[in-house]
Structures are given as C-alpha cells and as structure tokens.
Amino acid sequence: MRKPIIVGNWKMNKTIAEAVDFIKAVDPVCHDGATYGVGTSFLALQDSVKHAKNLIIAAENCHFADSGAFTGEVSVPMLEEIGVKYCIIGHSERRQMFGDTDESVNKKAKRLIDADITPIVCIGETEAQYDAGETETVIRSQLSGSLADLCPDCVKGIVVAYEPIWAIGTGKSATKEDAQKCCHIVRDQIEKMYGKEAADAVRIQYGGSVKPENIVEYMACPDIDGALIGGASLKADSFTEIINKTK
Ligand code: G2H
C-alpha cells in the first residue's frame, strides 16, 4: 500500500516571510492519510524546516558534488545540515533552462540517496514529442538515464513525478486517462529496470496544472500516488482545499 504524496513546487516564488506564513496556515491542516509538502527556494528552506511539523520541506534542486568551484550551486551536505529530507530534481524548467540532463539527474539522485534525502525525479515529454507520438519512448529513455545503476531497495523509496511539459503552468492538464497511461508506463519501466517489488513500492506523481478541481480524479487512478503542484500550491487556501479533498 503506497502512501499518497502531494508536494507543492513553489519554483522561484515566496520570500522567507511568505513561506513561513504559508506553513503556519497549512501545516495544521495536514493529516496522516498522505504525505504533504512544499518545495521552497534555497533561502526559505531553513526557516521552513523549523516551522513545519507535518509538511515535508523539499529543495527544488541540488548539485551532485559535495563542494567545489560551482558558483551559485547548493550541495547535498548543505541540505542535510539544515534537515531537508526531500529534493526535486530534473524538473523540466531545469532541464530546459539550466542544462540538467538525465546524466546529471542520475548523479544527483545517487548523491541524495546516499544522504537519505528522497529524490523527487521529474520526467515528461515536450508538446512536439507528444504530437509525434513519442511520449512512451521519451518516458522510458528519461527513466533509463535518470534512474540508472541504483540499488532496487533504494528505488523503492524514491518518488517519480511525470509532468508532460505541455501541461505545465498552461492550464492544459492531461486527461486522467492519459495521465494514468503514462504513470503506468513509468511503473512498467521501473519494473523492467529493478523488478516488481521496486515498481510496486515507488510513488508516482502526476504534475501539470493540478488544482482543487481536478486532484480527486487524478488520485483515483491506480498508478497515480500523488501530485506535484505549481500554481495551485502558492495560495494557502487552494493548497488547503487540495489537502481536504484528498482525505
Ligand atoms: C509543473 C507543476 C509543478 P503547474 O511544473 O511542478 O506546475 O502545476 O503550475 O503546472
């Protein structure tokens, strides 16, 4: 039985004060039926961790090296030091704008797992790939690269977020049938790589214009264990509505 996991991805939004205000409002609403959390800017992580009793706090990226000449980057030991337990990696915005690749995502995943920080590994096809009927090939290839050479036991603990790029922040969410089909492909690819036990345990999120109005239909899909939510996670009211609808 997989515990659902619903995480807000704030991207480059919210000052430290705004993050703390949100956490104070939403933390008490969380319940044990699911894991709820938010991904914050690096700056807001430390205060967010301090104020969150129920919400899990995720970084939105990390570097795979522990230290060195990587101007502007943040390492896994730095996240560990402040008690961060989850980290989003390979988000399509990072792949498209900041040069993240399956290879770098794989290195990040390995380093995070070593530090006992849960990676939320993002994958998903572009609109052109979707239109060309390449979705399945892209999903399988991104997973082969991003999750290469992990131990099957470690894979059981990770989270994969399937986010079709054409549905991100566009209001054009995938149908529940399409989302289920793709999340099933994710699980099948993990089974091919690491066996059935790992595939049955891994938690798979759908992401792309998830909101209070559509969360319930996605959560009813057998291979969808949660959501990675951008726009609709920014307001405490909207995220609270999502929490209440997933009780
Ligand atoms: C996809 C998602 C959060 P939104 O990026 O990861 O954002 O819900 O705004 O489409």
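All figures in this text were calculated on a predicted structure; none of them were measured in a lab. Counting convention: from 1, in listed order, for ligands and their atoms alike.
Contact annotation: the side chain of Leu147 approaches that of Ile158 to within less than 4.5 Å [non-hydrogen atoms, C-beta and beyond]. In this structure, Asp225 and Pro4 have side chains that are not in contact, with every pair of non-hydrogen atoms separated by 4.5 Å or more.
Heavy atoms of Gly208 come nearer than 4.0 angstrom to ligand 1 in at least one pair. Ligand 1 is never approached by Ser233 to a heavy-atom distance shorter than 4.0 Å. Not a single heavy atom of Lys211 lies less than 4.0 angstrom from ligand 1.
Within ligand 1, counting atoms from 1 as listed, the ones closer than 4.0 Å to a heavy atom of Ala167 are 10 (O). Against a heavy-atom cut-off of under 4.0 Å, Lys11 is close to the following atoms of ligand 1: 1 (C), 2 (C), 3 (C), 5 (O), 7 (O). Proximity to Gly231 (heavy-atom distance under 4.0 Å) selects the following atoms of ligand 1: 4 (P), 8 (O), 9 (O). Near Glu163, meaning under 4.0 Å from any of its heavy atoms, are these atoms of ligand 1: 1 (C), 2 (C), 3 (C), 5 (O), 6 (O). Near Ser209, meaning under 4.0 Å from any of its heavy atoms, are these atoms of ligand 1: 4 (P), 8 (O), 10 (O).
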Using distance only, find each side-chain donor-acceptor pair of residues 132-139 under 3.5 Å and give its atom names and separation, not counting sequence neighbours.
{"from": "Thr135", "atom 1": "OG1", "to": "Glu125", "atom 2": "OE2", "distance (Å)": "3.4"}
{"from": "Glu136", "atom 1": "OE2", "to": "Arg140", "atom 2": "NE", "distance (Å)": "3.0"}
{"from": "Glu136", "atom 1": "OE2", "to": "Arg140", "atom 2": "NH2", "distance (Å)": "3.0"}

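Side chains of Ser75 and Arg111: a donor-acceptor N/O pair is absent below 3.5 angstrom, by distance only. No hydrogens or angles considered: nothing links the side chains of Asp153 and Tyr194 as a donor-acceptor pair under 3.5 Å.
Among Cys182, Pro164, Cys221, the one residue that satisfies the side-chain contact (heavy atoms from CB on, under 4.5 Å) test with Tyr206 is Pro164.
Taking atom 3 (C) of ligand 1 as the reference point, the nearest protein heavy-atom neighbour is Gly230 N, 3.2 Å.
The parts of Ile168 lying near ligand 1 are both backbone and side chain, judged by heavy-atom distances below 4.0 Å.
Summarising the geometry of Ala19 relative to Trp10, their closest heavy-atom pair is CB-CZ3, 3.5 Å, with the distance given to 0.1 Å.
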